[in-house]
Amino acid sequence: MTVAIREVSREEDFDNIVPMDWDAWQFPYNPQLKHFRPYFATRQEAIEWKIKQSKNSWNSRSPKKTWLMAVDTDTEEIIGSAVWEVNDKPDPYGEQTVATWHPEGSVEKEFAERFINGLWGFIGKRVKRPHMDLLSLVVNQSHRGRGTGKLLVRWGTDKADELGIETVISSLISARGMYERCGLGAIEIIPPDVVVPEPSQRWKELQDDDLSGWLMWRPIGHDYIEGADKAPWLE
C-alpha cells in the first residue's frame, strides 16, 4: 500500500473524511472531544452535523489553514486526515471560546467553556511566537501502525521548517509516543482547569474523565533532542 498526502481540494471530500473521523475517535476513546462538539443520539446525526460544519469551515478558510487527507493510492480510500494552521497571531490563544454547540445555561456548556479556555490559557501563557499548530489528526483504525499518522505530522513539521517557525501540539495523553516519534518533545503536562466549589452531580460526572494532555514542542529545523533543546518559555 502506498499512501499519498493531499490537500483537500473539494468539499465533497468531507463526505468520506467525516465518517472515518467519527469512527476513529471512538478508539482509543477521546475524552476531550465531547466538549468541542454537540451531543447527538446517533452516529448518523453526529456525522451529518460534522460534515456541514467541516464544509462551512473549509469554504471560509484562511490561507494560513490547510486541510490534509491521507489516501491509499491503490484504492483511493481516505484513511487519515489532519488540519494544520500557521498561528502567528499577536495573542495566539487569547480569544475566549463560547460553546455555542451546547444548550444555553446547561452544565455541559459551562464545563466545556471552562475546560477549553483553561486549555488555551495554559498554552497561551507559554507559547508566544509564531508556530505551526496541529488542530486535528485522525487515522482510520484499520490502517494504524503503518506510518500514516507520521506522514500527516511530518507534513506540518516540514512546513514549519520551511517557514522558519516552531511546531506546537496539544496532545492527548495516549498520543504522546506517536508525536515523540515524529520529532516533538513532551514538555509539560496540561492539567485540566475544571475544579469548582460545590460541583453538581453532572459536573462531577464530566470531571471523571482524564482530560489532561501533553504540551508538545519541536524547535526550528530539527527534531527535539532531550537535554539539548529547551522550549523558549522555560528559558
Side-chain angles (χ1 to χ4, degrees), residues 1-37 43-44 46-59 61-87 131-163 167-184 186 213-218 223-224:
M1 181 184 76
T2 302
V3 177
I5 303 302
R6 302 174 184 166
E7 290 191 29
V8 173
S9 59
R10 57 192 192 120
E11 67 172 30
E12 289 79 11
D13 289 327
F14 292 105
D15 295 332
N16 295 314
I17 291 172
V18 170
M20 181 273 300
D21 172 277
W22 193 92
D23 291 335
W25 280 123
Q26 307 311 304
F27 182 80
Y29 170 62
N30 178 354
Q32 296 183 1
L33 195 62
K34 64 176 173 285
H35 303 300
F36 289 86
R37 299 181 181 181
R43 172 183 181 273
Q44 188 58 37
I47 287 172
E48 288 175 358
W49 176 87
K50 184 59 177 174
I51 287 174
K52 182 179 179 180
Q53 188 265 350
S54 296
K55 289 181 178 180
N56 288 340
S57 182
W58 182 78
N59 282 316
R61 64 194 179 281
S62 158
K64 296 180 181 180
K65 188 178 290 187
T66 304
W67 274 259
L68 300 173
M69 54 186 183
V71 180
D72 178 346
T73 58
D74 295 333
T75 64
E76 288 301 301
E77 178 188 4
I78 298 173
I79 61 173
S81 67
V83 183
W84 282 99
E85 182 176 36
V86 177
N87 193 334
H131 59 279
M132 284 296 289
D133 193 351
L134 181 61
L135 306 183
S136 175
L137 173 70
V138 66
V139 175
N140 185 312
Q141 292 181 31
S142 63
H143 290 275
R144 291 176 184 167
R146 302 178 184 178
T148 300
K150 188 172 184 178
L151 288 173
L152 289 163
V153 174
R154 282 298 188 187
W155 184 97
T157 57
D158 288 348
K159 177 62 70 173
D161 289 346
E162 177 188 319
L163 296 173
T167 305
V168 175
I169 295 176
S170 169
S171 168
L172 294 173
I173 293 295
S174 60
R176 170 184 170 174
M178 193 277 289
Y179 290 126
E180 287 181 320
R181 291 190 292 275
C182 293
L184 289 102
W214 277 102
L215 180 54
M216 314 289 297
W217 174 81
R218 181 181 181 274
D223 289 350
Y224 175 80

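What you see is a predicted model; the values in this text were computed from it and never measured.
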Give the minimum heavy-atom separation between L134 and A82, together with the two atoms involved. CD1-CB, 4.3 Å
If you define the side chain from C-beta out and look only at heavy atoms, does anything of W49 sit under 4.5 Å from R37? yes
Looking at K64 and D133, is there a salt bridge between them, counting it only when a charged N and a carboxylate O are closer than 4.0 Å? no
Test side-chain contact (heavy atoms from CB on, under 4.5 Å) on T167 and M216 and set out the steps. CA-CA 8 Å; T167 305; M216 314 289 297; over 6 Å; no
Considering all heavy atoms of both residues, which atom of I51 and which atom of F14 are nearest to each other, and what is their separation? CG1-O, 3.8 Å
So, taking the atom named CH2 in W25 and the one named CD in Q32, what distance separates them when rounded to the nearest 0.5 Å? 8.5 Å
Least distance between heavy atoms, I78 atom then M69 atom: CD1-SD, 3.7 Å
Any donor-acceptor pair under 3.5 Å linking the side chain of S54 with the backbone of K50? yes
Tell me the salt bridge (Lys or Arg N to Asp or Glu O under 4.0 Å) pairs involving residues 145-158, sequence neighbours left out? R154-D223
List the steps and the verdict of side-chain contact (heavy atoms from CB on, under 4.5 Å) for V83 and K65. CA-CA 7 Å; V83 183; K65 188 178 290 187; 3.7 Å; yes
Kindly compute the distance separating CG (L152) from CG (L137), expressed to the nearest 0.5 Å. 5.5 Å
Between CE on residue M20 and CD on residue E77, distance to nearest 0.5 Å: 9.0 Å
The reported gap from CH2 in W67 to OG in S136 (rounded to nearest 0.5 angstrom) is 10.0 Å
Can you see which heavy atom on L68 is nearest to which on T66, and at what distance? CD2-CG2, 3.7 Å
Side-chain donor/acceptor of W84 to backbone N/O of T157, under 3.5 Å: no
Short side-chain to backbone donor-acceptor contact, T73 and A4, under 3.5 Å: no
What is the minimum heavy-atom distance between G156 and M132, and which atoms define it? O-CG, 3.8 Å
Go through it in stages, so that I can follow the logic: the residues are D15 and K55, the test is side-chain contact (heavy atoms from CB on, under 4.5 Å), and I'd like the CA-CA distance, side-chain angles, deciding distance and then a yes or no. CA-CA 9 Å; D15 295 332; K55 289 181 178 180; 3.0 Å; yes
Can you check whether M178 reaches L172 side chain to side chain, under 4.5 Å on heavy atoms? no
With sequence neighbours left out, what residues match D72 under salt bridge (charged side-chain N to carboxylate O under 4.0 Å, His left out)? none
Nearest 0.5 Å, what's the OG-CH2 distance between S9 and W58? 6.5 Å
Would you check if there is a donor-acceptor pair between the side chains of N59 and E11 at a distance under 3.5 Å? yes
Minimum heavy-atom separation for V153 to C182, with atom names? CG1-CB, 3.6 Å
Enter the distance from N30:CG to I173:CD1 here, rounded to the nearest 0.5 Å. 11.5 Å
Pair W214-L184, side-chain contact (heavy atoms from CB on, under 4.5 Å): steps then yes or no: CA-CA 11 Å; W214 277 102; L184 289 102; over 6 Å; no
